[in-house]
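In what follows, every chain begins at residue 1, and chains take the letters A, B, ... in the order their sequences are listed.
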There are 2 protein chains.
Amino acid sequence: MARTLTVAALQTAYGEDLAANIDKTAELIRHAAAQGAQVILPSELFQGPYFCVAQEERWFATAFPWRQHPCVTALAPLAAELGVVLPISIFEREGPHYFNSLVMVDADGSPMGVYRKSHIPDGPGYMEKYYFRPGDTGFRVWDTRFGRIGVGICWDQWYPECARAMALMGAEVLLYPTAIGSEPHDPSLDTAAPWRRAMQGHAVSNVIPVVGANRTGFEPWAGYPNGGQLFYGSSFIADHRGDLVAALGREDEGVVQASFDLDFLATHRAAWGFFRDRRTDLYGPLVQSRPQ
Amino acid sequence: MARTLTVAALQTAYGEDLAANIDKTAELIRHAAAQGAQVILPSELFQGPYFCVAQEERWFATAFPWRQHPCVTALAPLAAELGVVLPISIFEREGPHYFNSLVMVDADGSPMGVYRKSHIPDGPGYMEKYYFRPGDTGFRVWDTRFGRIGVGICWDQWYPECARAMALMGAEVLLYPTAIGSEPHDPSLDTAAPWRRAMQGHAVSNVIPVVGANRTGFEPWAGYPNGGQLFYGSSFIADHRGDLVAALGREDEGVVQASFDLDFLATHRAAWGFFRDRRTDLYGPLVQSRPQ
């Protein structure tokens, strides 16, 4: 019997009220599960507004140890109730260290561990280096009830190294929770197309479905150019050819979902031969901190 | 004064007559140069038909040492005459070793050296492992008169490792001569979209223009499914966002070309921060022959 994976991405807007954000996410999770989704991906840091737009001390108080994070303690029981896998993006605190992290919750509601975002961006509108220490877990894949899943977090998604590492570790689908939108320093710069394109490229190069879940909506920030940050949604699911099989618009709120035959994909991936023909003997420049 | 690079890709059909293939290529090179192209890319192995469709001993006789290859000796003087850079794809022989290679000819007509295709495909319609030893040069970039240029050959183009390595070595544009078309074992499998998409992904992830030059036309092969191999052209130039700025159709013969401001690209690439935030400490799985 074929192993079929049904995966969903959630897209909505979030505000300052943590409980309301969790409720909103839970409602979408229930909706996706009712439609048959087995792995359901909320967007990045749905606990609140995307605070990295500004550098404000108060946000450090919204980080928690990953096992005690309110998003995890609230949604893990829902995962068990619905029998679905939930990759939960959180602001994590571990002692004096703060990370942009992902807790994988299996379909029985048990947290499987944490992945800490490896690549931390910094620039106008996305000043994450103020908040997050670069992740120290390395890339991870998760043997969930429904398949072996790799997750990168937002900025990770631009890096072919991250996608390849997860594919090499046996990932059968790649998930990316994100929070991305306008560029305050240059309103003419619209990154939505390249954002999708980088992930579609990972899909092709690794013969693997890719899911991107982004937030939408306008988040007001006092003193910020244009009065706030506009997130562009555009969440999508691409198949192993990079074709978009499901996608949302910039302002939609809701769920996209798609099903994949994991056994077909494993065989088809082998037949393409990309993993057969890799030249690890020539990839030295990729791991040198200063290649010649 | 801004450093502007004008690059062109050639797309045409080739047959069994070597001299005719060189003449056809030379004509297109003259056409591109007349339009202002500085770096002009013919497609892969334009010396003849794409012989890797079959496994036939006679084709080994069409390989030459790279300095003496007829495509190089014929076109290097043309490079000098026109003052253009020519990356020339050849079937190379070195003693008992045979490679799928690229000779970079600078705008003064001098051959700068050879790159040997690192990733060798094998499968119905593309049985290259019968002919070519995997390349032993490693990835290369070339300081030509008009900029620092990286070239991968066909199957190399599916590998984000190859693109990244060349970008890390300072490439300002990535070129891919290719020969790709129908899949004899599965006529329903059309790889044209993923083919472009993989390279568009490299453009985004490395903030770099990418050029793909593919052959077009039908090449008859006795006993072959459907009587021969149909190449799908679709040569293109993508900018640093992956946007197609110039493209040909499946059956077109001709030239596409585009100009890029290399100084803008260098600054813009730095501002994106991809190269700032790489985590070489976490990329170990990429260079392990059998990652865990």
Side-chain angles (χ1 to χ4, degrees), chain A residues 118-123 126 129 134-139 155 158-166 168-170 185 191 193-207 238 240-243 271-274 276-292, chain B residues 118-123 126 129 134-139 155 158-166 168-170 185 191 193-207 238 240-243 271-274 276-292:
Chain A
S118 301
H119 304 95
I120 307 297
D122 210 60
Y126 305 88
K129 289 193 195 297
D136 58 0
T137 57
F139 308 115
W155 197 236
W158 301 94
Y159 286 80
E161 293 91 341
C162 175
R164 182 66 107 197
M166 294 189 290
L168 285 166
M169 291 189 285
H185 65 297
T191 64
W195 175 79
R196 277 188 175 167
R197 216 168 257 152
M199 288 183 274
Q200 290 172 283
H202 304 331
V204 173
S205 295
N206 297 287
V207 195
H240 63 285
R241 296 166 48 89
D243 286 325
W272 264 94
F274 292 153
R276 176 193 64 198
D277 297 332
R278 294 181 74 245
R279 295 292 306 276
T280 51
D281 56 322
L282 302 182
Y283 297 162
L286 300 180
V287 292
Q288 294 165 18
S289 57
R290 300 285 298 274
Q292 295 308 306
Chain B
S118 301
H119 303 94
I120 307 297
D122 210 61
Y126 304 89
K129 288 193 195 297
D136 59 1
T137 57
F139 308 115
W155 197 237
W158 301 94
Y159 287 80
E161 293 90 342
C162 175
R164 181 67 106 197
M166 294 190 290
L168 285 167
M169 292 187 285
H185 64 299
T191 64
W195 175 78
R196 276 188 175 167
R197 217 168 257 152
M199 289 183 273
Q200 289 172 284
H202 304 331
V204 172
S205 295
N206 297 289
V207 195
H240 63 285
R241 296 166 49 89
D243 286 324
W272 264 94
F274 293 153
R276 175 194 63 199
D277 297 332
R278 293 181 75 245
R279 294 293 306 275
T280 52
D281 56 323
L282 301 182
Y283 297 162
L286 300 179
V287 293
Q288 293 165 19
S289 57
R290 301 284 299 275
Q292 298 307 306

Scored by heavy-atom pairs under 4.5 Å with chain B, the best of A:Gly284, A:Pro160, A:Gly201 is A:Pro160

I'd like to check A:Phe139 versus A:Met169 (side-chain heavy atoms, cut-off strictly below 4.5 Å). Are they in contact? yes

Honestly, the part of B:Tyr159 sitting under 4.5 Å from a heavy atom of chain A is both

Quick one: which of A:Ala193, A:Gly135, A:Ala163 has the most heavy-atom pairs under 4.5 Å with chain B, could you say? A:Gly135

Heavy-atom contact with chain A under 4.5 Å, split by part of B:Trp272: both

Quick one: do B:Gln288 and A:Leu168 satisfy side chain to side chain contact (heavy atoms under 4.5 Å, CB included)? Show the steps, please. CA-CA 10 Å; B:Gln288 293 165 19; A:Leu168 285 166; over 6 Å; no

Quick one: which of A:Asp277, A:Leu282, A:Val287 has the most heavy-atom pairs under 4.5 Å with chain B, could you say? A:Asp277

Sequence-distant partners of A:Asp122, salt bridge (Lys or Arg N to Asp or Glu O under 4.0 Å), two or more places apart: none

Nearest atoms (heavy-atom pairs only) where A:Ser118 meets B:Arg279: O-NH1, 2.8 Å

Highest number of heavy-atom pairs under 4.5 Å with chain A: which of B:Thr280, B:Thr137, B:Asp136, B:Asp281? B:Thr280

Between A:Asn206 and chain B, with a heavy-atom cut-off of 4.5 Å, which part of the residue counts as in contact: side chain, backbone, both or neither? neither

Shorter than 4.5 Å, heavy atoms on both sides: which option in B:Asp243, B:Thr191, B:Ile120 has the most such pairs with chain A? B:Asp243

Using modelled atom types only, decide if a donor and an acceptor are shared between the side chain of B:Arg164 and the backbone of B:Ser205 within a distance under 3.5 Å. yes

Chain B contact via A:Phe274 - side chain, backbone, both or neither, heavy atoms under 4.5 Å: both

Who passes side-chain hydrogen bond (donor to acceptor under 3.5 Å, both in side chains) against A:Gln200, sequence neighbours left out? none

I'd like to verify something: which residue of B:His202, B:His240, B:Lys129 has the highest number of heavy-atom pairs under 4.5 Å with chain A? B:Lys129

Between A:Arg197 and B:Gly242, the two heavy atoms sitting closest are NH1-C, 3.2 Å

